[in-house]
Visitor: 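Right, I'll just put the structure down here and ask away after.
In what follows, every chain begins at residue 1, and chains take the letters A, B, ... in the order their sequences are listed.
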2 protein chains.
Amino acid sequence: MFSKACEYGIKACIFIAINSYDGKRISPRDISKEIASPQAFTAKILQALVKSDIVRSYKGAYGGFEIDKSKLAKIKLAHIVASIDGDQVFSGCGLGLEICNENHPCPVHEKFKKVREDLKFMLENTSLEELALGIKSGEAFLKT
Amino acid sequence: MFSKACEYGIKACIFIAINSYDGKRISPRDISKEIASPQAFTAKILQALVKSDIVRSYKGAYGGFEIDKSKLAKIKLAHIVASIDGDQVFSGCGLGLEICNENHPCPVHEKFKKVREDLKFMLENTSLEELALGIKSGEAFLKT
DNA sequence: TTAATTTCGGATAATTATATCCTGTTTATA
DNA sequence: TATAAACAGGATATAATTATCCGAAATTAA
Ligand code: FES
Ligand code: FES
């Protein structure tokens, strides 16, 4: 469904979000430990998320990654996914036709479109804030 | 969503189905031409589909691939997808946790599960027959 | 200013997915 | 039996994804 990079990216954002609640910056080392991901690879993904303006980074001692508290409710899963995996998952044809539209539909177009739009809706309406709360409350987990 | 191999596999099955209606066997060459896929790669996928007992192959002159007419309504997209991509798409965690269940859910579990099961339902209730009819009637297309 | 810390970014490696090539085996028909 | 047609399957090649390594640049504090 999503690439490994995207999975790591989402989980990293959630963990950064939790720490940002407490005003703490966090390093790729601690992040990859918490989400069970390869450290250097995760760092690359974080760089991309910084460029996409989803997380903020601070170099030097006492630096690390954080997310503006004021953004936590506004950032949706869709932003993270689109930023890492692009928009194929939101609008691409299920059977790989170059373009997906009503005028030149593939055999599964109608049925696939329905599912794809449900996924899109879900991703666009799930905020980083609520996901972070799930972890904070102990209801959900980031690894194993 | 699906691998290239799976996309080709589905499209190949649909085209074989159409021909099987008319009692015609069809070659990998004609299939890959019709669905715009690499020929040798498509042939490999067809081999796998034969082993999965979804399509039948006949060697030698006047040979080729076909699907039992009596099976066309019974074969569902889910069978083809499971046979090529495995069952991760049906039961795997959206964030890559090793196992997906209620006892140890990832942060998106509830929401993702809903979408995943809608997809599962769609794939389990879409037959090769109806997809083939979509192509035969000219409503749908297999390439570009 | 120096030292310690931490992100940034380029280079490279390993793994998996996608794609191609070539030869063998089977089968129908002449 | 000979021949041609067509799938089977191993070996190999290419591309994309995933993962690692290392030095440069920035920042803070002593
Ligand atoms: S054309 Fe295939 S999903 Fe729309
Ligand atoms: S645990 Fe992640 S989707 Fe169920």
Side-chain angles (χ1 to χ4, degrees), chain A residues 1-13 16 19-20 24-33 35-67 81 83-86 88-89 92 95-96, chain B residues 1-13 15-16 19-20 23-33 35-67 81 83-86 88-89 92 95-96:
Chain A
M1 182 75 75
F2 308 123
S3 68
K4 279 285 164 199
C6 192
E7 291 175 2
Y8 298 153
I10 293 170
K11 289 189 277 194
C13 283
I16 295 170
N19 282 276
S20 295
K24 284 189 287 190
R25 291 176 186 163
I26 191 90
S27 69
R29 196 172 57 79
D30 291 338
I31 294 169
S32 60
K33 191 177 238 174
I35 70 176
S37 70
Q39 182 175 332
F41 190 49
T42 307
K44 293 286 189 216
I45 297 160
L46 288 167
Q47 280 183 42
L49 290 169
V50 168
K51 286 203 176 168
S52 311
D53 206 36
I54 291 170
V55 316
R56 295 182 62 174
S57 69
Y58 297 87
K59 288 183 185 175
Y62 296 81
F65 295 90
E66 69 175 41
I67 299 176
V81 172
S83 144
I84 299 175
D85 279 353
Q88 272 298 106
V89 72
L95 295 188
Chain B
M1 181 75 74
F2 307 122
S3 68
K4 280 284 164 199
C6 192
E7 290 175 3
Y8 299 153
I10 293 170
K11 289 190 276 193
C13 283
F15 187 57
I16 295 170
N19 281 275
S20 295
K24 283 189 287 190
R25 291 177 186 162
I26 190 90
S27 70
R29 195 172 57 81
D30 290 339
I31 294 169
S32 60
K33 190 177 236 175
I35 71 176
S37 69
Q39 183 176 331
F41 189 50
T42 306
K44 293 284 190 219
I45 298 160
L46 288 168
Q47 279 183 43
L49 289 170
V50 168
K51 285 201 177 170
S52 311
D53 206 37
I54 291 169
V55 315
R56 295 182 62 175
S57 69
Y58 297 87
K59 289 182 182 174
Y62 296 83
F65 295 91
E66 69 175 39
I67 299 176
V81 172
S83 143
I84 300 175
D85 277 354
Q88 271 298 104
V89 72
L95 295 188

Visitor: Taking only side-chain nitrogens and oxygens of Ser57(A), does any of them come within less than 4.0 Å of OP1 or OP2 of dC8(C)?
Guide: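 Yes, Ser57(A) has a side-chain N/O under 4.0 Å of OP1/OP2 on dC8(C).
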
Visitor: CZ of Arg29(A) versus P of dA19(D): gap in Å, rounded?
Guide: 20 Å

Visitor: Quick one: closest heavy-atom pair of Ile67(A) and Cys13(A), and the distance?
Guide: CD1-O, 3.8 Å

Visitor: Please report the distance, rounded to the nearest Å, between NZ in Lys59(A) and P in dT7(C).
Guide: 11 Å

Visitor: With side chains defined as the heavy atoms from C-beta onward, is the minimum distance between Phe65(B) and Ser20(B) less than 4.5 Å?
Guide: no

Visitor: Does Arg56(B) pair with Glu66(B) as a salt bridge, N-O distance under 4.0 Å?
Guide: no

Visitor: Report which part of the nucleic acid Gly63(B) touches: base, sugar-phosphate, or nothing (heavy-atom distance under 4.0 Å, all strands).
Guide: sugar-phosphate

Visitor: Side chain of Val50(B) only, please: which of dA8(D), dT6(C), dT18(C) is the nearest?
Guide: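 Nearest nucleotide to the side chain: dA8(D).
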
Visitor: In whole angstrom, give the distance that lies between atom CZ of Phe2(A) and atom C1' of dT17(D).
Guide: 17 Å

Visitor: I need the Tyr8(A) OH to Gln39(A) CD distance, nearest 0.5 Å.
Guide: 13.0 Å

Visitor: Expressed as a whole number of angstroms, how long is the span from Ile84(A):CD1 to dT18(D):P?
Guide: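 After rounding, the gap between these two atoms is 11 Å.
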
Visitor: Return whichever of Tyr58(A) or Lys44(A) has its heavy-atom-nearest nucleotide of DNA chain C closer to the 5' end.
Guide: Tyr58(A)

Visitor: Which nucleotide sits closest to the side chain of Pro38(B): dT20(D), dT20(C), dA26(D)?
Guide: dT20(C)

Visitor: Closer to the 5' end of DNA chain D via nearest nucleotide, is it Ala61(B) or Ser3(A)?
Guide: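 Here Ala61(B) is the residue nearer the 5' end.
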
Visitor: Students often get this wrong, so: under 4.0 angstrom with heavy atoms, is Ile45(B) touching a base, only sugar-phosphate, or nothing?
Guide: nothing

Visitor: For Arg25(A) and dT28(D), give me the distance from atom CZ to atom C1', rounded to whole Å.
Guide: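 One finds 11 Å between C1' of dT28(D) and CZ of Arg25(A), rounded.
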
Visitor: How do Pro28(B) and Gln39(A) order along DNA chain D: which one's closest nucleotide is nearer the 5' end?
Guide: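 Taking each residue's closest nucleotide, the earlier one in sequence belongs to Pro28(B).
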
Visitor: Ignoring hydrogens and angles, state whether a donor on the side chain of Ser83(A) or Ser52(A) is under 3.5 Å from an acceptor on the partner side chain.
Guide: yes

Visitor: For the side chain of Tyr62(A), starting at C-beta, report the closest nucleotide among dT20(C), dA29(D), dT27(D).
Guide: dA29(D)

Visitor: Measure from CD on Glu66(A) to P on dT27(D) and round the result to the nearest Å.
Guide: 14 Å

Visitor: Within less than 4.0 Å of OP1 or OP2 of dA8(D), is there a side-chain N or O belonging to Gln47(B)?
Guide: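 False: Gln47(B) side-chain N/O out of range (4.0 Å or more) of dA8(D) OP1/OP2.
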
Visitor: Output the rounded distance in Å from CZ (Phe41(A)) to C1' (dG9(C)).
Guide: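 In whole Å, dG9(C) C1' and Phe41(A) CZ are 15 Å from each other.
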
